Chemist: 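First the structure, then my questions, so here it is.
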Amino acid sequence: MSTTQSERLRELLEPLVTSQGLDLEEIAVDSVGRKRVLRVVVDSDAGADLDAIADVSRALSAKLDETNAMGDAAYDLEVGTPGAERLLTEHRHFVRATDRLVKFQLTEGGELVARILKVDDEGVDVEVPGVKGRKATARRLGFPEIAKARVQVEFNRKDSAGTAGEKDMKEEEEA
């Protein structure tokens, strides 16, 4: 049986989030002054748009009120997505970051910034950008070699058609 409030809340809320077609990525209860804030981070393979977040927020709020899981004291419920520079901790995170630039902290020490090309059960195939006119190189990283990985924000990325940031602009317009 779970002991922390976050674990109990996860057990209560995760089935509800899953029923909405989303993954429950994170739950945190923080104190902000005299008020508590329950932060719930959700995502899916297709991403979570504002309508999906609003729907799951209403469902979570109703469940929390029904069960009184947060007690009688006031709290704010904040539901959102992981954000642009998400930390990759689960296999599904790496899959969702395919074609994105990622900064890897390696278990043997050192860092590597590379684009994820392919993900399988054992690790990731990446493309390391070339430096000073050199061509990009392919590399394989097994999951045991990765201590930490975080998506990097790219402002000037040229897509395959050669237009900078067009994909990111479309994603922002849809959000």
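What you see is a predicted model, and the numbers here were worked out from it, not measured in a lab. Reckoned from all heavy atoms, side chains included, excluding hydrogens, waters and symmetry mates.
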Chemist: Taking side-chain contact (heavy atoms from CB on, under 4.5 Å) as the definition, give me every residue that meets it alongside Glu85, ordered by chain and number, with sequence neighbours left out.
Modeler: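 Only Arg150, Val153 meet the side-chain contact (heavy atoms from CB on, under 4.5 Å) criterion with Glu85.
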Chemist: For Glu111 and Lys148, run salt bridge (Lys or Arg N to Asp or Glu O under 4.0 Å): C-alpha distance rounded to whole Å, both residues' side-chain angles, the deciding distance at 0.1 Å, then the answer.
Modeler: CA-CA 9 Å; Glu111 294 179 344; Lys148 189 175 176 182; over 6 Å; no
Chemist: Between Arg36 and Asp30, is the closest basic N to carboxylate O distance under 4.0 Å?
Modeler: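 No, Asp30 and Arg36 are not salt-bridged.
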Chemist: If we only count heavy atoms from C-beta on, is the Tyr75 to Leu64 side-chain gap below 4.5 Å?
Modeler: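 Tyr75 vs Leu64: side chains touch.
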Chemist: For the residue pair Thr81 and Val41, what are the closest heavy atoms and their distance?
Modeler: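 So the two residues come closest at C-CG1, 3.7 Å.
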Chemist: Just so I know, are the side chains of Val29 and Val37 near enough to count as touching, which here means a heavy-atom distance under 4.5 Å?
Modeler: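 Counting from C-beta outward, Val29 and Val37 never come under 4.5 Å.
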Chemist: Specify whether Phe94 and Phe104 have parallel, tilted or perpendicular ring planes, treating 30° as the upper limit for parallel and 60° as the lower limit for perpendicular.
Modeler: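 Ring orientation of Phe94 relative to Phe104: parallel.
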Chemist: Atom OG of Ser57 and atom CD of Gln20: how far apart are they, to the nearest 0.5 Å?
Modeler: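 Separation between the atoms: 10.5 Å.
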Chemist: Ignoring hydrogens and angles, tell me if any N or O in the side chain of Thr107 forms a donor-acceptor pair with the backbone of Pro144 under 3.5 Å.
Modeler: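 Yes.
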Chemist: Counting distance only, does the side-chain N/O of His91 pair as donor-acceptor with the main-chain N or O of Asp120 below 3.5 Å?
Modeler: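 At least one qualifying donor-acceptor pair exists.
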Chemist: Which residues end up grouped with Val113 if you chain together Ile, Leu, Val, Met, Phe, Trp and Tyr wherever their side-chain heavy atoms are less than 4.5 Å apart?
Modeler: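 Via sub-4.5 Å side-chain contacts, Val113 links to Leu101.
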Chemist: Is Ser61 reaching over with its side chain to a backbone N or O of Arg58, donor-acceptor style, under 3.5 angstrom?
Modeler: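 Absent.
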Chemist: Could you tell me the separation between the NZ atom of Lys132 and the CZ atom of Arg134, rounded to the nearest 0.5 Å?
Modeler: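 These two atoms lie 8.0 Å from each other.
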Chemist: Using 0.5 Å steps for rounding, measure from the CZ atom of Arg115 to the OG1 atom of Thr98.
Modeler: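 If we round to the nearest 0.5 Å, Arg115:CZ and Thr98:OG1 are 11.5 Å apart.
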Chemist: Taking Arg140 first and then Glu145, would you say they form a salt bridge - that is, a charged N and a carboxylate O separated by under 4.0 Å?
Modeler: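 Salt bridge flag = no for Glu145 with Arg140.
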Chemist: Could you tell me the separation between the CD atom of Glu26 and the CZ atom of Arg10, rounded to the nearest 0.5 Å?
Modeler: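 If I round to the nearest 0.5 Å, the distance is 8.5 Å.
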Chemist: What's the shortest heavy-atom distance between Leu12 and Ala69, and which atoms?
Modeler: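 So the two residues come closest at CD2-CB, 3.6 Å.
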Chemist: Is a salt bridge present between Lys63 and Glu14, judged by a nitrogen-to-oxygen distance below 4.0 Å?
Modeler: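 Here Lys63 does not pair with Glu14 in a salt bridge, since their nearest N and O are not under 4.0 Å apart.
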Chemist: If you measure from CD1 on Ile27 to CD on Gln5, what distance do you get to the nearest 0.5 Å?
Modeler: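 Nearest 0.5 Å value for the CD1-CD distance: 9.5 Å.
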Chemist: Within the structure provided, determine whether Val79 and Val42 are in side-chain contact (heavy-atom separation under 4.5 Å).
Modeler: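 Result yes, sub-4.5 Å side-chain heavy-atom pair found.
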Chemist: So Leu24 and Asp43, side chain to side chain contact (heavy atoms under 4.5 Å, CB included) or not? Walk me through it.
Modeler: CA-CA 7 Å; Leu24 179 58; Asp43 202 6; over 6 Å; no
